[in-house]
There are 2 protein chains.
Amino acid sequence: MEALVNPDRRSLHQRILDDVQGRILSGEWPPGHRIPFEHEMTAQYDCSRMTVSKVLNQLARAGLIERRRRSGSFVLRPHSQSAVLEIRDIMTEVQALGLAYRFEIVSRAKRRATRTDLDRLHLEAKVPVLDLACLHFAGKEPFCHEERLINLDAVPEADAEAFAERAPGPWLVERVPWTTAEHRIQAIGANPLTAAALGIAEGAACLLIERRTKGAEQPITHVRLTYPGDGHELVAHFAPSRN
Amino acid sequence: MEALVNPDRRSLHQRILDDVQGRILSGEWPPGHRIPFEHEMTAQYDCSRMTVSKVLNQLARAGLIERRRRSGSFVLRPHSQSAVLEIRDIMTEVQALGLAYRFEIVSRAKRRATRTDLDRLHLEAKVPVLDLACLHFAGKEPFCHEERLINLDAVPEADAEAFAERAPGPWLVERVPWTTAEHRIQAIGANPLTAAALGIAEGAACLLIERRTKGAEQPITHVRLTYPGDGHELVAHFAPSRN
DNA sequence: TAGTGGTCTAGACCACACT
DNA sequence: GTGTGGTCTAGACCACTAG
């Protein structure tokens, strides 16, 4: 059915996807437009229905179109901005700036979880926790102040770890299987502790990233990363169907 | 082949996906583990290869596994935190707080693009631009200060729009077809203009969201949204395969 | 009730990477 | 070579829903 010699290097469904996506992005098919039925595209591209279906389902997952039974598929209007945010590893980030990276454990304490700890970890039982403070440097300058709680019920081996070679973040990523995470991003004025650690004025604008990480069974860790506001920005991209 | 009565409401590939994903999330299949070949899963689940393939490709797109020809599919280690950030419409956000929403156009100017404008819009030619400042209120309090540039070459009808009913953001979303956007998120101290607009102290910590929006042909708009730091946070989620 | 998308099959050939 | 995943087909039946 298809041309014997591949006309270009893309697969058939990739070409169809690019075609349809192009029409949507260009405005040729504006929001609300009903795109051709599967059986129509099957004829138009001279391919099987599965191939068309795969393309349209990809576009639907990417949020470009909506599929309705008995009605057809429709171009959606660009929905309330949702974007993919890349939160990179601190070491990677520093090295991307062309600076030398190192970190220091500033303080370390083991205790039964206090009420604040439980709140931060989203826990109820008063489990043992490890409370770490850590400074990350870019060259000679402090780059980020890390305050971390680790649930020792979930990761007991953290108690015996010195975190000399690897910072607590990468150490946990290596050790703990797949997780889900929730991030909160705020601007705050530096509190006295953080200001002293980062060598900035109290109240200076800082970017605070809080991350709560859960494993399959229970919460694993909570971390507050504070960056001086003038030295850091997050970048997020919004684009249809990353393929 | 399949049971005549659907054992639960999920489709076959959904059940397979949940099964495989569960094993990965639980750590039963740790990072590096080689998951069964397609033909093995075909036998195990008593289904066709396409069904298995669909599942594994979904997991690969979600970043949970990596597929290598001739070698098989392998569980990845949780990669550098990347998360889906939801940047909601300001009106929606305010109303979610249970507060009344309104906005005001504070200033408006039309001009040929200055060097700063071109830089912000990612443009080269000195096109006409519309420069808007806008205040968004939650109840009686200022909630967000918006500074927006609109490329009048891309959206000429903006020049004739009063933005009385709809704020510039929603107005553009309705009018312009699909776009890509780039967001930058920083913490900054409030500059005098913004501080006055928001009724906060100069230098107070604020969350700054910059968004640059491009259409198929050319840049469309650039916006700086400044939120008082104590009244705003962004939430992002990281979880494997949203299906 | 008719027509859409949702799902699934049992094949097939190909490209690629490891040997 | 050889075996993996990548792609594709030509059907089929089902579930949902608009008219």
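It should be emphasised that the depicted structure is a prediction, and the values quoted were computed from it without experimental measurement. Reminder, nothing fancy here: chain letters follow the sequence lines and each chain counts from 1.
Both distances falling under 3.5 Å, in either a Watson-Crick or a G-U wobble arrangement, occur for no nucleotide opposite dT19(C). Taking a pair to require two hydrogen-bonding distances under 3.5 Å in either a Watson-Crick or a G-U wobble arrangement, dG19(D) remains unpaired.
With rounding to whole Å, Glu40(B) atom CD is found 13 Å from dG3(D) atom P. Between the CG atom of Leu56(A) and the C1' atom of dG5(C) there is a distance of 10 Å, rounded to whole Å. Rounded to whole Å, atom C1' of dC16(D) lies 14 Å from atom CD of Glu66(A). Here dG6(D) presents its C1' atom at 16 Å from CD of Gln58(B), a figure rounded to the nearest Å. The separation between Met50(A) atom CE and dA12(D) atom C1' is 12 Å, rounded to whole Å. Straight-line distance from the NE2 atom of His13(A) to the C1' atom of dG6(D): 8 Å, rounded to whole Å. Across the protein-nucleic acid pair, Leu12(B) atom CG and dC14(D) atom C1' stand 14 Å apart, rounded to whole Å. As rounded to whole Å, 13 Å separates atom C1' of dT9(D) from atom CD1 of Ile16(A).
For dT9(C), one of the phosphate oxygens OP1 or OP2 lies less than 4.0 angstrom from a side-chain nitrogen or oxygen of Thr51(B). Phosphate proximity of dT4(D) to His39(B): present, with a side-chain N or O under 4.0 Å from OP1 or OP2. The side chain of Asn57(A) contributes an N or O atom lying less than 4.0 Å from OP1 or OP2 of dG6(C).
Nearest to the side-chain atoms of Arg49(A) among the listed nucleotides dT9(C), dT9(D), dA12(D) stands dA12(D). Side chain of Glu38(B), nearest nucleotide from dT4(C), dC8(C), dG5(D): dG5(D).
Between Ile90(A) and Cys144(A), the shortest heavy-atom contact is CD1-SG, 4.0 Å.
Thr92(B) places no side-chain N or O within donor-acceptor distance of the main-chain N or O of Arg88(B), the cut-off being under 3.5 Å.
Side-chain atoms of His136(B) and Glu146(B) include a donor-acceptor pair closer than 3.5 Å. A side-chain N or O of His232(A) and one of Glu93(A) form a donor-acceptor pair less than 3.5 Å apart.
For the pair Ile35(A) and Ser48(B), nearest-nucleotide mapping onto DNA chain C gives the more 5' position to Ile35(A).
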Check: protein-nucleotides 17-19 of chain C nitrogen or oxygen pairs below 3.5 Å:
residue, atom, partner, partner atom, Å
dC18(C), O2, Arg70(B), NH1, 3.3

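Among the candidates Arg148(B), Glu210(B), Arg211(B), the single residue satisfying the side-chain hydrogen bond (donor to acceptor under 3.5 Å, both in side chains) test with His222(B) is Glu210(B).
No cation-pi contact links Arg77(B) to Phe74(B), judged by a cut-off of 6.0 Å to the six-membered ring centre and 45° from its axis.
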- Query: For Phe103(A) and Phe137(A), what are the C-alpha separation, side-chain angles and deciding distance, and is it a ring pair (Phe, Tyr, Trp, His ring centres under 6.0 Å)?
  - Reply: CA-CA 6 Å; Phe103(A) 73 94; Phe137(A) 292 83; 9.6 Å; no
